[in-house]
Each structure stands twice: as C-alpha cells, then as structure tokens.
Amino acid sequence: MIELIEAVRTGNIRELNSNVVKVYETSLTQVGDTTLLMVRTTEGKRLLVSGTGELFDQLQGEIVAGVKIARLSHANRLVINHFLPYTAPQAFGTQVATMGLGDRLGIASPGHIQTLRGKDIRPVLAQQSIRELALTGRTYEDVLDAAAYAVLQEGYKDGYGADGDHLKKEADIEYALRLGFTMLTLDCSENIDNTIESLSTAEIAAKYAELPASLRSYYEERYLQTAPNVPGATLAYTAEALQKDVLIYDAAINFMEAIFRRYIATLDRAVDFEISIDETATPTSPEAHYLVANELRERGVTIFSMAPRFCGEFQKGIDYIGDIAQFERELASHAAIAVHFEYKLSIHSGSDKFSVFPLIGQYTNGLFHIKTAGTNWLEAVRVIAKVNPSLYRRMHQFALDHFVEATAYYHVTTDINAIVPLAEVTDSQLPDYMEENNARQLLHITYGLLLQAKNADGSAMFADDFFQTMADQEDAFAEGLRHHIGRHLTLLGK
Ligand SMILES: O=C(O)[C@@H](O)[C@H](O)[C@H](O)C(=O)CO
C-alpha cells in the first residue's frame, strides 16, 4: 500500500507526478488487491487506484503507468459506497449526540471530520435544505458525493449522517429517501397557523368553537381533564392556551402523521425522522411541545428529534437574542419533554449560539442534535477576507447591493447601516467583518446570490475565483473550522 504513496512522492508515476500538489495519506485504503489513494492535482482531487480486483475494474478512470486515475464522480462514489460501507451515510437513532454540519460549498466536510473525530458526537455531514440547494444550484447527489469523498479522504470510519433538511413537499421527501438520506427533517411551518397568535381571546374562543365538537372534546379530555405528568417539565394548560394551540398545531400534527405513515413507517431501513416547528413566527411553549409530542405518540408516530421554536431569537450566524433566564426555564421543560418521549431535542440555527450552549449541553445531558450550516460558509468567507481582499471586497459590495433580495429567504434583523463601509477598512482589517453580527448576517444570507452571480458574458462573477482560492487555502479553511466548530463543541460540553 505504501508503495503507491512512495511512487507518487518520488515521481515514479512521472506522467502524474508533475501536477500532484497534495497526497491525502489518511485516504490510503486497501480493498482486496486494490489500493486507493486520494491526491489533489492542479486539476482537482483525484483517486489513484492501483492493483487489481473488482474495485479497480469498476471505478471509472484513465490508466497511467499502471495506475488508474479516477475522478471524484457520482458514479465512482456509488462504487466506493458499495465496497466501503462506512462511506455511505447511516442513521444514528436517539442515543448518541449528533451535529448537523451543513456544507453549502461541498468542501467543508474534511475540516468537520477533523473537528469531531474521537469526540462523543457524530457528524451529519450531508445536510442541506431544499432552500440551500435552490440557492446554490446543487443537488442532493452532489451533497452525498461531497460527504462520502470527504469520509474516504479522511479515513473516517465512525459513521456520518445525511439529512434531507427542511423538507415540505412529498416530491422532495421521495427524492431524498430514494438517494439514501438517513435523516429526514420535516418542515411543518406551512401547516402551522401563525395567524392565531394575533387574535384576541374572544376571537380564539370563537374560532375554536367552530371546530367539530368531537375534536374539541378529544383535546379537552387529554389536556385539560388530564394533567400532563412529565418529570422535570413545568406544564399547565389553561382552556385558552389549549384552544390557541389546537388552532395553531392541529393541522401540522395531521401532516406529521400522514408523512410518517406514507414515507417513514413503510421504509425497510432506519431513518432518523425529525420534526421541525422552529421556522415559524410562533414560539413553541413547553405546553405546545408536549401537545405535539403526546399526539404523535398517541398516533404511533415515532420521531428521533424535535426542533421547537425557542423563546427569543435563534437568528442565522449570530448569538442568541433574548432573555436567557426565560430561555433556561423553558429549555428545562423542552429537554424534559424530549426525554419523556424518548427523542432528542434539535437545535436549529444552532450556529454561534455561544451564550446558551452550556445550558443546552446541561439540560439535554449531552444528548442533542444541533444544526449548523451558515457558519461553515462564513468560515470560508473569513479565509477569503484574509487571503484575497479584492475578491472579498467585491463579494461584500455585491451582498450589500442584493441584501434586501436575500431577506426573502431568511429572517434576520440585520442593521445594514451599522456595517463599517468598505472604504474605511484596510485589507488587513477585512476579516474583522466576520466578528461583527450585521456583517456576518449580510454575508450569511446572500451566499446563494454570490455563488450563482454571473457576469454579462455568462461567466461566474465570484465562484471560480472563490473556489480556486479555497482549494489553495484548503488547510487554512480546515483549521478555521476546527477552531470555530471546536468552540461550539467545547461550550456544548463535548
Ligand atoms: O439555510 C438553511 O436552509 C438550513 O441550513 C437551515 O437553516 C438549517 O436547518 C439550520 O438550522 C442550520 O443552522
């Protein structure tokens, strides 16, 4: 096996060696009589395949001096998955902490693996929402390919997950499951009635009275006449609160049940089914969380995690905004409810919530799912700001010009006017923007517009320069992720 590395190093594969810029020794893998080694060449990453055997035969590539040079293609990834099962995603269930590490670029997973390796938490590397795919122009095949090749590159054999995130439509659910995604995050926001929050008590009572008597008595018997008993949770339903929550969540609960029966219960493999009720204007009270969880159990719906909308603000890419004492009080109940119903609490928009991470680790007893994505993109932007100031300046200005357009996709309360003008910032100060909340959110939510922007001639406005810089700065990016995501884990008690 080592001979291949030496052959590459010593230039014995002359035809190849001229443009090998890096050898990933952690990728060295033997499968029967076939040896695999990943390298980065001036044209991009390649798999060197030597020896003989089925794996050698099935991987597509050009043979140079007896060594097959294989691209990191989708077809080759499927072959790798077959011969090396650890490179395919797995479900984790409820008994291990997991971290969603959304990678909008397809280049962050090596740094994520280096950060989590050996810790008491497992990575969901292939995590993207349909929103992110639409904004980046990627597919779920791309997302799985990138994660699998990162696992091969890093020689990571502890398992990783693949989350079809924030799925609302059945076609998207089918798409993700057909590809082998091992986690499904059902976004119920379109089935939650947020208008109820703005009604008066009398209007809520009148609307509730219009519901079928059988439905009203169903809920009243379970939640008014029967006091919920969840150790560690403070729950007290009033008639008014129950009426409001039934009007807000009843349709969403029916949607959860329908999707479970149609797509999850029928599967012949394990899938971690997550319920997301976080992307909604209505904060999830502990009582509402209990009602949803209890209804799902009563209906035989098994879930692995639940993402409530916590009190305060979990905005993109910045720390928690709100009353931390109230957050702690309600978190204690949310965590107790999750334990009671035997699933994990899921923390969406989990990036950068440093002020509440210790509470989350404490009250979940270290058993949680936390989702990040945008912060990983911002670590790439930080690298650009450090090493390619002219590119950063052009991206920053484009983001300013298109910020309002981007707010259609993400809820933020960014104060654009508070961002120091580019003209007042020296090149060496540009990385400081990644320490300022408003600039972080500016670059955070404009990622899709930046990555897909085109010049008049159809060429990429930023993407080519961006990805070339990131390829050249691969180690710096991985170091940035190890530091930044490592800080998340330390404060979460991992
Ligand atoms: O941007 C998205 O659509 C996702 O990354 C979404 O925000 C994700 O569920 C999340 O909470 C990441 O922190």
Side-chain angles (χ1 to χ4, degrees), residues 98-106 108-109 112 123-140 142-143 146-147 161-169 172-173 176 181 183-190 272-280 284 304-310 312-321 344-354 356-357 360 368-381 405-412 414 437 440-452 481 484-485 487-489 492:
T98 44
M99 184 173 207
L101 292 154
D103 174 12
R104 296 166 176 167
L105 300 168
S109 292
H112 288 147
V124 178
L125 299 171
Q127 169 206 295
Q128 285 289 270
S129 65
I130 290 295
R131 168 173 54 190
E132 286 169 310
L133 296 188
L135 287 170
T136 57
R138 295 174 75 210
T139 65
Y140 270 147
D142 296 332
V143 174
D163 179 10
D165 191 20
H166 279 292
L167 303 183
K168 300 175 182 178
K169 298 189 177 84
D172 295 334
I173 292 169
F181 272 70
M183 179 175 176
L184 197 72
T185 298
L186 182 66
D187 183 326
C188 308
S189 55
E190 291 181 1
D272 294 338
F273 185 42
E274 172 167 303
I275 295 296
S276 156
I277 52 176
D278 66 296
E279 293 225 355
T280 170
T284 313
F304 287 83
S305 44
M306 169 88 76
R309 156 79 207 271
F310 293 105
E313 294 259 5
F314 269 64
Q315 284 195 20
K316 298 301 177 189
I318 64 172
D319 204 340
Y320 178 72
I321 300 171
K344 292 185 294 189
L345 206 52
S346 181
I347 317 295
H348 280 215
S349 300
S351 306
D352 308 286
K353 303 302 177 287
F354 301 113
V356 294
F357 281 150
I360 291 168
F368 53 76
H369 182 64
I370 183 162
K371 278 197 191 187
T372 70
T375 206
N376 304 305
W377 147 256
L378 289 179
E379 284 310 302
V381 172
E405 185 183 341
T407 56
Y409 304 105
Y410 292 98
H411 166 68
V412 289
T414 315
N437 282 354
R440 286 181 65 80
Q441 292 198 323
L442 167 70
L443 275 298
H444 183 299
I445 69 169
T446 52
Y447 67 91
L449 301 170
L450 286 162
L451 290 170
Q452 297 240 62
L481 290 170
H484 193 66
I485 298 299
R487 186 181 171 210
H488 284 61
L489 295 175
L492 283 161

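As the structure lists them, so they are numbered: ligands from 1, and atoms in each ligand from 1. Small disclaimer: the values here were computed from a predicted structure and weren't measured.
Between Asp272 and Lys344 there is no salt bridge, since none of the side-chain N atoms of the basic residue sits less than 4.0 Å from a carboxylate O of the acidic one.
With a 6.0 Å cutoff to the six-membered ring centre and a 45° limit on the axis angle, Arg131 does not count as a cation-pi contact of Tyr409.
His411 and Glu313 share a side-chain donor-acceptor pair at under 3.5 Å. In this structure, a donor-acceptor pair under 3.5 Å is present between the side chains of His484 and Asp352. Counted by atom type alone, Thr375 and Arg440 present one or more donor-acceptor pairs between their side chains at under 3.5 Å.
Tested against Trp377, the residues Leu451, Thr372, Asp103 include a single side-chain contact (heavy atoms from CB on, under 4.5 Å) partner, Leu451.
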Is there any protein N/O under 3.5 Å from an N/O of ligand 1, and what does the full list of such pairs look like?
residue: ligand 1; atom: 1 (O); partner: Arg104; partner atom: NH2; Å: 2.9
residue: ligand 1; atom: 1 (O); partner: Glu132; partner atom: OE2; Å: 3.3
residue: ligand 1; atom: 1 (O); partner: Tyr410; partner atom: OH; Å: 2.6
residue: ligand 1; atom: 3 (O); partner: Ser129; partner atom: OG; Å: 2.6
residue: ligand 1; atom: 3 (O); partner: Arg131; partner atom: NE; Å: 2.8
residue: ligand 1; atom: 3 (O); partner: Arg131; partner atom: NH2; Å: 2.8
residue: ligand 1; atom: 3 (O); partner: Tyr410; partner atom: OH; Å: 3.4
residue: ligand 1; atom: 5 (O); partner: Glu132; partner atom: OE1; Å: 3.4
residue: ligand 1; atom: 5 (O); partner: Glu132; partner atom: OE2; Å: 2.8
residue: ligand 1; atom: 7 (O); partner: Lys316; partner atom: NZ; Å: 2.5
residue: ligand 1; atom: 9 (O); partner: Asp165; partner atom: OD2; Å: 2.7
residue: ligand 1; atom: 9 (O); partner: His166; partner atom: NE2; Å: 3.0
residue: ligand 1; atom: 11 (O); partner: Ser349; partner atom: N; Å: 2.7
residue: ligand 1; atom: 13 (O); partner: Ser349; partner atom: N; Å: 3.2
residue: ligand 1; atom: 13 (O); partner: Lys371; partner atom: O; Å: 3.1

